[in-house]
Structure formats: C-alpha cells, structure tokens
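Have a look at the structure below, then the notes.
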Amino acid sequence: MNSFKDYNFNNKINNVLDNINFTKPTMIQKEVIPLLRKNINVVGISQTGSGKTHAFLLPIIENINLNINKPQALILTPTRELAIQIANNLTYFTNEIDDLKVSLLIGGTDLDETQELTSQIIVGSAGRILDAISNRHVLKLDYIKYTILDEADMIFDDNFIKEIDKIMSFIKNSCFGVFSATISKNMQPFFRKYFNGIKVVEIKADLSNIEHDLVFVKEDDRYLTLQLLLSNINPYLCLVFASTKELVNEIYHKLNDEGIKCGLLHGDLDNRERTKMLKRINNLEYNIVICSDIASRGIDIEGVSHVISYDLPYELIYYTHRAGRTGRAKYTGISYVIYDNNDAKKIGYLVKSGINFNYLTFNDNNELVSSKAIVRNKYQFKNDNNDNQALKKITSKKIKKVKPGYKKKRKEQIEKIMKKERQAKIKERIKKQRKQRKNNGNSFN
Ligand code: AMP
C-alpha cells in the first residue's frame, strides 16, 4: 500500500495524518502496520528516523476501545526524552479523538498515588511504570492488548531487563512490538520466553543520499585530523561520533577549550541536562555536537548536514545508524570516517556490505583532497547481523513452554560461548602479533 488512504483508517486518524502531512507510509510502516493490525508479534529492526513511532501508534490507536477507561497499550522506552517524544506525537491524536487519553510515566513528573490510571495509552520508562504497578498500585495491566518496547537494545543494554521481566508478569494477552536498531544476543532468551512466535522485519537503511568519505589520519593524530576536517567544512549541523564516552568527553572539552562551541550527547548526562541539550541542539545553538552511539539513539535531530566518525564503532552496524542521521528526507549529507591502517579490516567489511567510499586526505595546505584507495578491498564482509539471523531462526519456530531453570541454563550457555569466543580472539591476536613481529612491523598498505 503506497498511500495512507489505502489503509482505510477511520476519519479521525485520517484527519490527523492530513494535519501532520503524512501521505505515504515509510518502509517500516508498510511492513509493521499490517502485522500489528492482525495482532502478530513483531520485531522491527530499523534505524532512528525511519518512522517506527507511527508504525506502532497507528494500529494501537485504531484498536483502542474508547468506551473502556483502562490502560490498553503500554509503550516502554529506555529514556525520558523518547517517552516525551512519543507522547508529543500522541497529542495530535488526543486533540482529534475526544475520549482518547494518554499518561506519561517518567521521572520528574507527578503521579497521583491514589487514583487508578484510566488512560488507554501509557508511555514511560520501565522503572516508573513498575513503580506505578507494584508500589503505588495505580496501574493495572489486565486490559493491555498492545505492548511496545521501543529502542529495545538500549533497554536491554541498560539492564532494565529485571524490571521488564516483572512488568511482563502482569501482562496476559498482549500483542508485542519490539523496535530496535540491532538485536543483541542477550535479547534472545527474553524473546524465547515471552513470545510465542514473532515476525522479524528488518528495514535496511537507505543511504543513497549520503556521500561516504574516508579521511586518512594526518600525522598519526586523530584529533588533529578532526580539527582539520572541521576547518574544511561548513556544517549546518555536524554530529561527531566516537565509540566511547571517555573519547566523547575528551573531544568535547578539547574543542570547547579551543573556543569551538559544541554540544555534547552521552549517556552520563542526567535527564535534565539531556533535555536541555536536545532543546539547544534543535534550536541550532551549535553547529557541532559530539555524540556517543547509544545516547543519540531514538532522538529525532533535524537538519544534520554532516556526520563524522572520529573512530569506527565496535559494532559495524552502528556505522549505518551514524551515517543515517544525515541525508534524510530528500536532503543530501556527507558521512566522514577518520581512519588509519588499523581500521583496514573494518573498512573492508563496510565496502563489502555495499558502502562506496571516496578516499580523501589533506594536502600540504591542509585542504581536503582526493587520494588513492589506501585500504585494499580484500576482506569478506563479516555479517554483523549474525544475531538477527539467529533470531530469525529461533523465532520462526513456535516456542513451547519455558522449562524451569531455563534462565540459569541460558546464562551458563551464553557464558560458555563468550568464554570460547574470548579465548579464540586472544589466540588470534597472539598469532597476529607474532606474524607482525616476523614481518618487522609491515603495515597494511
Ligand atoms: P520516527 O522514526 O518515528 O522518530 O520518525 C522520524 C520522523 O519522520 C519524525 O519527524 C516523523 O514525524 C516523520 N515521519 C514518520 N512517518 C512519516 C510519514 N509516513 N511521512 C512523513 N513523515 C513521517
């Protein structure tokens, strides 16, 4: 279906779609809406900005029984901002549909401890939702028919799993939607336990509007290379990604100390700081924002003209998520990667995965110029989506009842596999070092 008109939503939903100028569904919406409409559990793997919020909001709103003043849909998010963003999206619907009510359960908001919640849609963080259920006894989940876990890999990363486990024990007959950028190994036991069959929908990022440029590190100095790169571009808004929060902090402080005003987005900011920072970014107070991969996820930042990867992420799939922050909605964008010979293998994988890089370097005047390919394309692209493939296998089978002691067994199994993998990696590293020593330190090119 290529137009929202083909979906035969009711008039009120169609009015909202008109008001917000949505005419055509995005890829993820095309795939997910029909499944959730039929109450089929779905895992949606797609990047931030792909339109996943409405992929679950539209079927939820369509199926809410407005005559029942009980929570019927539960939307769990890992961060306060994401919950607020979803609740903001819902205001267009609550303005149009008189009896539709939404409650936002996040830290820092008041919760009437005596009144049972009557809103049909509950959006919030796991901790606050659990608090409303178990401590304050104001949230009853008996009528929940849709449960959504948004940015699920962050929920699992942040060890919210215990809270989610508890919340799940209160949910009886729900359809589930899990949305995530990646499906990590630690999610799989959870899926097996709770979902009796689930459909996995994976939307590959459309990177066709994006130019990918590899910039060879100058004088073995990444920070110098970043400085030169920034002085060569004139960004509307540039996101600089680094793979650890220590690096993110270091770059942020160094640039600010030099008088280059830039914003900061990483996981250690508290809720208030994050909200303030996002407001300032969206008000275009900064041209440059230094970000960690996780902290910037799920957040809709408009107008990103350039992305710089200070280094490549540990999980290469995140490169697509970084690059995908630019080149949105018919605009073009540039994604730069600062690299050296140690990145050769990772770049080889990215090239194999279909990313066409231009090779750049700095000339004597420190201007950015084309260079020859410094990295040879000889490596096989290692499928970073192995987990997703494995998940497809697991979840395509109908899963029977979970056996007692299953959690412990799974944990032991995972630990065993990880230990084996660690040992293999160490062995591989030693072998490589020996070979390198033998070759007298010959580098890649
Ligand atoms: P999301 O990935 O849900 O955060 O959406 C990213 C951005 O795309 C948001 O600004 C949405 O309002 C917008 N969006 C989502 N779906 C559509 C659509 N079908 N047509 C136009 N814009 C959309």
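Both backbone and side-chain heavy atoms feed into the values below; hydrogens, waters and symmetry mates do not. Whatever order the structure lists them in is the order used to number ligands and atoms, beginning at 1.
- Rounding to the nearest 0.5 angstrom, the gap separating the OG1 atom in Thr77 from the CD1 atom in Ile148 is 12.0 Å.
- Residue pairs meeting the ring pair (Phe, Tyr, Trp, His ring centres under 6.0 Å) criterion with at least one partner in residues 15-44, sequence neighbours excluded, are Phe22-His54.
- Between Gly51 and ligand 1, an N or O atom pair is found at a separation short of 3.5 Å.
- Proximity to Phe4 (heavy-atom distance under 4.0 Å) selects the following atoms of ligand 1: 19 (N).
- Taking every non-hydrogen atom of Thr53 and a distance limit under 4.0 Å, the qualifying atoms of ligand 1 come out as 1 (P), 3 (O), 4 (O).
- Under the rule for a salt bridge (charged side-chain N to carboxylate O under 4.0 Å, His left out), the partners of Lys70 that lie at least two apart in sequence or sit in another chain are Glu116.
- Looking only at distances, a side-chain donor or acceptor of Gln120 sits under 3.5 Å from a matching main-chain atom of Asp99.
- Within the 6.0 Å centre-distance limit, the rings of Tyr339 and Phe216 are counted as a close aromatic pair.
- Below 3.5 Å of separation, one finds no N or O of Asn89 facing any N or O of ligand 1.
- Residue Lys24 approaches ligand 1 through these ligand atoms, each under 4.0 Å from one of its heavy atoms: 18 (C), 19 (N), 20 (N).
- In terms of polar-atom proximity, Gln29 is counted as a contact of ligand 1, with an N or O under 3.5 Å from an N or O of the ligand.
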